[in-house]
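For reference, the structure discussed in these notes is given below.
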Amino acid sequence: MKVEKLVEIIGSDFYTGVPDSQLKALCNYLMNEYGIDQKHHIIAANEGNCTALAAGYHLATGKVPVVYMQNSGEGNIINPVASLLNDQVYAIPVVFIVGWRGEPGIHDEPQHIYQGEVTVKLLEDMDIKTFVIGKDTTDEEVASAMESFRTVLAAGKDVAFVIRKGALSYDGKVKYENSNTMVREEIIQHIVKASGEDPIVSTTGKASRELFETRVANGQAHKYDFLTVGSMGHSSSIALGVALNKPNTRVWCVDGDGAVLMHMGAMAVLGANAPKNLIHVVINNGAHETVGGMPTVAANLDLVAIAKACGYPNAVSVDSFEALDAELEAAKARNALSLIEVKCSIGAREDLGRPTTTALENKQNFMAYLKTL
């Protein structure tokens, strides 16, 4: 189905969401049509954030907004859907567009398997009427579904289009880039060199994939790394939990800007606890690159000031490998919570692989290594 036709059928003039590779056609269409336009399109920090933003739009205009997301984001919308949108509370109508990763019978990564199994059930449990769009779904079928949805929306209830892999298409192209010169995989290689045999907790997406391949290239074991293949935004909290319980071991967190934004409250908790043995490295390319490259607001944020306001005693930003190496060594030497923001370009190798160990093996190997420290 052409994404332009889906947008026409839905008939909304406001979209907010968190990008998803399954919805790349929609994301690229919105960027070409609106860019980041407060009136028509906003990329938010997390899916609950989007849902609340959509509610505000409805309160101000009386119109029905659209929230788009990967199905992994359903967990983030449960509270605002149940306690804000629901027709027994404020009866705020929203159209959700949900990318269906991990659909049963379709091969996907481990973090998507269970989420894929419960995707439709979770929506239905939240009293959200659903319609699944696949490659063979006709425009007429979608139009008919939307027509029935309008009655539901008029009653102050919510609806969702669940998008199967490859169901949406868009012929337009969008080039996502920035002016930074440092490449993320090389940044990770420098972090690995500096960290030695210290444990690393890495964020979801390409960062963990590049960390895995760096270990392969170096002939190193993977036991040093916990690869947070799902749970976007929670790597720093995982690292905090490790650091607090291994106070004599230096722990590194390799984070991303989109992940930091998704659950930024974690930085306040990190700062309040201020573990002396934790180094938090945020690789900031101002983009949701793993799912297509759409921008985050982090490119224009002062993460150093935010970290210091949250209680980090040390926070710096670097945009060269010379400065990065110096700050990595300084962080190692000072024995205090440190944040290093690294300004990064957008892009990765076309042949970037995925971890060849299972998530369970990763956990077991990491835990066994921590026991020796």
Side-chain angles (χ1 to χ4, degrees), residues 45-46 182 184 187-205 207-208 211 224-228 231-286 296 298 301-344 366-367 369-373:
N46 65 55
M182 301 175 74
R184 185 182 51 251
I187 293 168
I188 289 172
Q189 290 166 359
H190 282 245
I191 296 169
V192 165
K193 183 177 180 180
S195 64
E197 295 190 331
D198 297 339
I200 296 176
V201 177
S202 62
T203 189
T204 189
S208 280
L211 175 57
Y224 307 110
D225 311 319
F226 183 81
L227 310 176
T228 315
S231 300
M232 183 173 172
H234 294 302
S235 293
S236 62
S237 295
I238 296 170
L240 174 62
V242 174
L244 292 176
N245 289 282
K246 289 289 182 179
N248 297 318
T249 299
R250 186 166 48 238
V251 179
W252 301 70
C253 177
V254 177
D255 220 339
D257 56 292
V260 165
L261 287 171
M262 185 161 280
H263 295 294
M264 192 176 275
M267 289 183 67
V269 177
L270 273 162
N273 284 276
K276 295 180 178 180
N277 57 327
L278 181 58
I279 300 172
H280 190 186
V281 183
V282 180
I283 302 176
N284 184 1
N285 62 6
T296 71
L301 290 186
D302 188 341
L303 288 179
V304 169
I306 291 170
K308 289 182 177 178
C310 285
Y312 284 63
N314 304 281
V316 296
S317 181
V318 300
D319 60 6
S320 72
F321 284 109
E322 182 181 16
L324 172 62
D325 290 340
E327 292 300 338
L328 292 173
E329 293 304 317
K332 286 169 60 177
R334 69 169 58 102
N335 192 36
L337 174 63
S338 300
L339 178 133
I340 304 171
E341 177 196 27
V342 190
K343 296 296 183 70
C344 176
F366 187 71
M367 289 182 69
Y369 181 62
L370 290 181
K371 285 183 179 180
T372 68
L373 300 177

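- Of all heavy-atom pairs between Ala307 and Leu339, the closest is CB-CD1, 4.1 Å.
- Of all non-hydrogen atoms in Ile279 and Ile340, the two that sit nearest each other are CG2-CD1, 4.4 Å.
- No option in Cys253, Ser236, Ser235, Ser231 other than Ser235 meets the side chain to side chain contact (heavy atoms under 4.5 Å, CB included) test with Thr203.
- Side chain of Lys332 to backbone of Ala194: a donor-acceptor contact under 3.5 angstrom is found.
- One N or O on the side chain of Asn277 and one on the backbone of Thr249 form a donor-acceptor pair closer than 3.5 Å.
- Closest approach of Tyr312 to Met267, counting heavy atoms only: CE1-O, 3.4 Å.
- Side chain of Lys246 to backbone of Leu370: a donor-acceptor contact under 3.5 angstrom is found.
- Nearest heavy atom pair, residue Arg334 against residue Glu327, reads NH2-OE1, 4.3 Å.
- Looking at Thr204 and Thr228, their side chains never bring a donor and an acceptor atom within 3.5 Å of each other.
- Judged by distance alone, the side chains of Thr296 and Asp257 do bring a donor and an acceptor atom under 3.5 Å apart.
- Using a distance-only test at 3.5 Å, with no hydrogens or angles considered, no donor-acceptor pair links the side chain of Asn46 to the main chain of His263.
- Here the CG-CG distance, from Asp255 to Leu261, works out to 10.0 Å after rounding to the nearest 0.5 Å.
- Note on ring orientation: taking the six-membered ring where Trp is involved, the planes of Tyr369 and Tyr224 are perpendicular (angle over 60°, cut-offs 30° and 60°).
- Looking only at distances, no side-chain donor or acceptor of Asp225 sits under 3.5 Å from a matching main-chain atom of Leu227.
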